Amino acid sequence: MVLRSPTNFTSQDILSVDQFERSDIDELFRVADELKPITQRIHRCNVLQGAVLASLFFEPSTRTRLSFGTAFNLLGGSVRETTGVATSAVAKGESLEDFARVVSGYSDVIVIRHSEPGAVAKFAQTATAPVINAGDGANEHPTQALLDLYTIDKEMDSHQKGIDGLRIAVVGDLKYSRTIHSLLKLLRIYTNVTVHLVSPTEMSVPEGIVQDLKRYGHRVRMFDQLVEGIGEVDVIYCVRTQVERFASPTEALNFQGKFRLNREIYSQHCQPNTVIMHPLPRDSRTNAQELSTDLNDHPNLAIFRQSDNGLTIRMALFALLFDVVDSVARHSFKLAWHPDA
Ligand code: NCD
């Protein structure tokens, strides 16, 4: 498929957040709001009956894989999956190009996660079905950025604020975190954003992303101490140390758990309305614990609202890619067993 701007989403590859303009995001969020009763299983829809999603995950995944698959199922489509390299013909040396052509014959849309930056774009060049990037190494994770922005929009809305003028601190492994890379790149479509980059110096965000933020007129400040970077922001976005991207797990140990947000630090250093986000998974092992469970019952902890939004945003994306938004209502029905039906 050829990469184009998704202003008209129909049959587009979704490879990078660079493809999105503000009007696209507004449209996506509007559709997501409309589809909410389906993600909540109050309504069921069969608008994508007969369509097949190929879900190919060559790196570990829970949320992304399940929410893509569930979103497709709840719109009436079927899902076929392969997980891991060992059980795929890739282990027999098959090229990404051959693989893309074969899978295209079996499916109407393909979601793929791969460990190599750029691998999904390469796959999409040969695929004849639309391809969605579910994470390519440390490069990008565009749909996570879309659901993160949607979450920020909702959370800010509840504080009578918008994304323009947002003050956000991103904390932790900013070098390898693809969710951070995509989110920061996407902030270009908003105005007057303040970004605090909070990380050990060795784990800083790639310089090109910093330059782009500045070029779009945003304020960027860097901090190598957690408590200095998390005051005076609307959102703190934490990430785990991406152990699998380091040359060795021992090297990752130098950074794991160095920046830990817990209730005490939050209460002492953050403004009362600061929203806490994390793409998940949280690394709960003793040496990591970068976002403490002692914040679990804090109303500003948005991490599970965020993961719920993954389903809604991915469903909206499918509805737009298949150009069925206007047909959803006609193909929806209430579920007899649902308590709210
Ligand atoms: C993220 C990823 O895979 O990049 N997970 C996700 O998709 N929600 C974040 C991570 O693994 O740390």
Side-chain angles (χ1 to χ4, degrees), residues 14-17 39 55-72 81 83-85 111-121 131-152 168 170-186 198-200 203 205-206 209 235-246 249 252-253 255-261 276-285 287-293 301-315 317:
I14 305 294
L15 302 177
S16 162
V17 291
T39 60
S55 169
L56 317 173
F57 279 77
F58 297 116
E59 278 196 322
S61 174
T62 304
R63 270 145 293 273
T64 308
R65 186 168 62 86
L66 289 187
S67 62
F68 266 120
T70 307
F72 207 72
E81 359 188 52
T83 54
V85 173
V111 170
I112 173 167
R113 170 172 286 186
H114 199 283
S115 59
E116 271 173 46
V120 176
V131 173
I132 303 178
N133 181 1
D136 60 328
N139 183 34
E140 275 226 40
H141 192 345
T143 61
Q144 179 71 40
L146 298 174
L147 78 90
D148 288 341
L149 256 197
Y150 183 67
T151 306
I152 293 172
I168 181 170
V170 291
V171 180
D173 176 354
L174 309 184
K175 179 177 179 182
Y176 292 127
S177 169
R178 56 193 172 199
T179 73
I180 295 279
H181 300 168
S182 288
L183 180 60
L184 293 181
K185 283 169 127 193
L186 194 49
V198 188
S199 72
M203 303 315 294
V205 107
I209 296 180
V235 173
I236 301 177
Y237 187 110
C238 305
V239 287
R240 76 185 167 89
T241 305
Q242 309 279 298
V243 183
E244 65 277 29
R245 312 259 176 250
F246 285 77
L253 281 176
F255 304 104
Q256 261 182 313
K258 287 288 176 287
F259 285 19
R260 283 188 171 150
L261 185 67
I276 306 164
M277 295 176 60
H278 191 301
L280 301 179
R282 271 191 280 192
D283 189 339
S284 300
R285 289 169 289 196
N287 55 326
Q289 298 187 353
E290 285 130 346
L291 176 57
S292 173
T293 49
L301 187 79
I303 58 176
F304 298 116
R305 298 193 282 278
Q306 191 180 351
S307 58
D308 286 350
N309 285 336
L311 185 57
T312 317
I313 281 294
R314 289 178 174 125
M315 189 180 281
L317 202 54

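When a ligand or atom number is given, it counts from 1 through the structure's own listing order. Predicted model only: the values in this text are computed from it and were never measured.
Using a 4.5 Å heavy-atom cutoff, the side chains of V239 and E290 are not in contact. Using a 4.5 Å cut-off on side-chain heavy atoms (C-beta onward), D173 and F255 make no contact.
Not a single heavy atom of E59 lies less than 4.0 angstrom from ligand 1. Within the structure, the closest approach of P279 to ligand 1 falls below 4.0 Å when heavy atoms are considered. Heavy-atom distances between P281 and ligand 1 reach below 4.0 Å in at least one pair.
For the residue pair N133/E140, the side-chain donor-acceptor check at 3.5 Å is not satisfied. Between the side chains of H278 and R240, no donor-acceptor pair is found at a separation under 3.5 Å.
Here the side chain of S307 pairs a donor or acceptor atom with the backbone of F304 at under 3.5 angstrom.
Residue R113 has at least one heavy-atom neighbour below 4.0 Å for each of these atoms of ligand 1: 3 (O), 7 (O). Interface atoms of ligand 1 facing T64, defined by a heavy-atom separation under 4.0 Å, are 6 (C), 7 (O).
The nearest heavy-atom contact from the protein to atom 6 (C) of ligand 1 is L280 O, 3.5 Å. Considering only non-hydrogen protein atoms, atom 4 (O) of ligand 1 sits nearest to R178 NE, 2.8 Å.
Annotation: cation-pi geometry satisfied between R314 and F68 (NZ/CZ under 6.0 angstrom from ring centroid, within 45° of ring axis).
Distances from atom 1 (C) of ligand 1 to the heavy atoms of V243, D136, T179, T241 show the closest one on T179. Summarising the contacts of atom 11 (O) of ligand 1 with E290, R240, H278, the nearest heavy atom is found in R240.
Annotation: R285, atom CZ; neighbour count of heavy atoms from other residues, nucleotides and ligands within 6.0 Å does not exceed 12.
Checked by distance only, ligand 1 and E244 stay at 3.5 Å or farther apart across all their nitrogen or oxygen atoms.
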